[in-house]
Amino acid sequence: MQKIIKASLFAAAFGMAATSALAENESFGGVGVTIYQIKDGVKVVEVIPGTPAADSKLQAGDVITAVDGVSLKGQNIDFSKDQLRGQVNKPLEITYVSEGETYTAVLRRTQITVKDLESESVESWYADKTEFDSEELEVVASAKHPEKQLVAVLKRGYVIAADEKVNATNLNSVYVEKADEFAPKAKPSTGKVGSASLKGFTRKAVSFNAKSEGVAKITVMSAEGEVVTSMQESVAPGFNSVLWNGENAPAGRYMVTIELNGSVSGKNAVLK
């Protein structure tokens with residue numbers, strides 16, 4: 001019973017209605033998690049393979065507490081869903097708690113399509129069978145939409161395990177756009193919050209505090225996720241300022257990421 005209740009709650013966050021039919025033909029910019037709302041934010045139930053979330057260290061059981069600095073604490077599932085979704089290829093920063101530690105990760109939204117996988121299609125594909133493993137279901141789902149990249153088949157919002165056999169009801173197939181190998185990718189965070197924190201962003205310099213010395217890679221991305229500039233510089237613990245030429249950059253919202261000693265922190269900033 002608890003599993004069914006959770007499935008109903010997090011279904012809406014992944015774009016699925018809390019019904020036996022779940023979603024049909026919905027496409028959106030997202031990161032690839034199924035979630036349900038709790039007091040402190042949203043709890044991750046599944047990280048969908050082959051999505052931006054799967055390239056990070058985010059895992060089932062973690063709690064996402066903020067997106068781009070906007071707190072999810074005390075909010076409802078629709079609010080949290082809206083924060084996680086957005087423009088395809090646009091980067092976002094999530095703050096999450098895993099095993100009592102707080103982390104950040106910078107992800108780039110991808111186009112996610114969720115479709116019903118009809119029981120009739122599965123059962124007619126495999127005549128005289130009533131239960132199917134994940135590989136059998138993936139064959140049918142891939143054949144139905146060859147123009148997209150299948151990443152998972154879900155039953156009631158859960159990824160079907162490799163050793164599991166299920167009937168053909170309440171199934172959804174999840175797809176992403178086929179990868180463009182030349183598209184820029186945002187790197188996930190691998191460390192705790194605080195390895196570097198942005199303090200200033202002007203047309204002349206990016207300023208930040210660093211917790212330790214090392215070689216910092218600073219990347220400035222537009223609101224559409226395009227890399228405007230990328231710089232590397234040796235930094236010392238404490239306040240650092242790296243020069244760049246933003247004279248011709250349009251005014252508006254940017255994402256600034258700072259990679260230092262294996263950790264990536266990101267923050268939205270406005271260029272005036």
Side-chain angles (χ1 to χ4, degrees), residues 3-4 6-36 44-56 58-60 81 84-90 92 107-186 188 225:
K3 187 173 183 177
I4 294 174
K6 286 185 178 180
S8 298
L9 288 170
F10 71 72
F14 193 62
M16 303 177 181
T19 67
S20 59
L22 297 182
E24 183 177 1
N25 299 331
E26 185 174 20
S27 188
F28 53 89
V31 297
V33 291
T34 56
I35 56 176
Y36 66 95
V44 177
V45 179
E46 290 280 12
V47 175
I48 307 301
T51 64
D55 291 332
S56 73
L58 194 66
Q59 58 188 348
K81 176 184 67 176
L84 287 165
R85 290 187 181 187
Q87 183 178 332
V88 172
N89 285 329
K90 184 176 181 179
L92 73 162
L107 308 176
R108 190 186 296 273
R109 295 180 180 95
T110 192
Q111 189 74 34
I112 295 175
T113 301
V114 183
K115 290 183 175 291
D116 282 351
L117 184 56
E118 300 88 353
S119 58
E120 294 82 1
S121 297
V122 177
E123 290 166 354
S124 63
W125 192 287
Y126 299 103
D128 302 323
K129 290 192 68 172
T130 58
E131 290 193 326
F132 311 91
D133 60 30
S134 59
E135 186 174 345
E136 290 170 330
L137 295 172
E138 287 167 4
V139 168
V140 182
S142 295
K144 288 181 70 66
H145 299 283
E147 77 284 1
K148 295 184 180 296
Q149 179 68 50
L150 178 75
V151 291
V153 176
L154 311 183
K155 185 175 179 67
R156 293 189 183 277
Y158 288 83
V159 176
I160 299 168
D163 59 352
E164 186 178 5
K165 283 187 175 289
V166 300
N167 60 36
T169 61
N170 302 309
L171 297 176
N172 295 93
S173 46
V174 182
Y175 306 86
V176 297
E177 299 302 306
K178 290 195 172 178
D180 178 359
E181 60 180 317
F182 301 107
K185 295 179 175 61

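We count residues from 1, following the sequence as given.
Residues meeting the side-chain contact (heavy atoms from CB on, under 4.5 Å) test with Ser142, sequence neighbours left out: Leu150. In this structure Glu131 satisfies the side-chain contact (heavy atoms from CB on, under 4.5 Å) test together with Lys165, sequence neighbours excluded. Residues satisfying the side chain to side chain donor-acceptor pair (under 3.5 Å) criterion with Ser134, sequence neighbours excluded, are absent altogether.
Looking only at side-chain heavy atoms (C-beta outward), Thr34 and Tyr158 stay at 4.5 Å or farther from each other. Side chains of Ser121 and Lys144 form a contact here, defined as non-hydrogen atoms less than 4.5 Å apart. Side-chain atoms of Val176 and Ile48, non-hydrogen and from C-beta on, never get closer than 4.5 Å to each other.
Taking every heavy atom of both residues into account, Ala54 and Pro49 meet most closely at CB-CA, 4.1 Å. When all heavy atoms are compared, the tightest approach of Val153 to Ala141 is CG2-CB, 4.2 Å. Across every non-hydrogen atom of Leu107 and Ser56, the tightest pair is CD2-CB, 3.8 Å. When every heavy atom of Thr110 is checked against every heavy atom of Pro52, the shortest pair comes out as CG2-CD, 3.4 Å. Looking at every heavy atom in both residues, Val44 comes nearest to Val33 through CG1-CG1, 4.3 Å.
Surrounding CD of Glu135 are at most 12 heavy atoms belonging to other residues, nucleotides or ligands under 6.0 Å away.
Without hydrogens or angle criteria, Glu46 side chain to Val159 main chain gives a donor-acceptor distance under 3.5 Å. The backbone N or O of Glu136 lies less than 3.5 Å from a partner atom in the side chain of Tyr126, making a donor-acceptor pair. Between the side chain of Arg85 and the backbone N or O of Gly30, no donor-acceptor pair lies under 3.5 Å. Under the 3.5 Å distance criterion, the side-chain polar atoms of Tyr175 are left unmatched by any main-chain donor or acceptor of Lys115.
The OG1 atom of Thr113 lies 12.0 Å from the CD atom of Gln149; values are rounded to the nearest 0.5 Å. Between atom CG of residue Asp116 and atom OG of residue Ser173 there is a gap of 8.0 Å, rounded to the nearest 0.5 Å. Going from atom CD1 of Ile160 over to atom CG of Leu137 covers 5.0 Å, rounded to the nearest 0.5 Å.
When each of Asn172, Asn167, Asn170 is checked for a side-chain hydrogen bond (donor to acceptor under 3.5 Å, both in side chains) with Lys155, only Asn167 meets the rule.
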Lys148 vs Glu177, test: side-chain contact (heavy atoms from CB on, under 4.5 Å). Steps then yes/no.
CA-CA 5 Å; Lys148 295 184 180 296; Glu177 299 302 306; 2.8 Å; yes
Give the intermediate values and the outcome of side-chain contact (heavy atoms from CB on, under 4.5 Å) for residues Glu123 and Phe132.
CA-CA 9 Å; Glu123 290 166 354; Phe132 311 91; 4.2 Å; yes
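Using modelled atom types and a 3.5 Å distance limit, the side chains of Gln111 and Ser27 yield a donor-acceptor pair.
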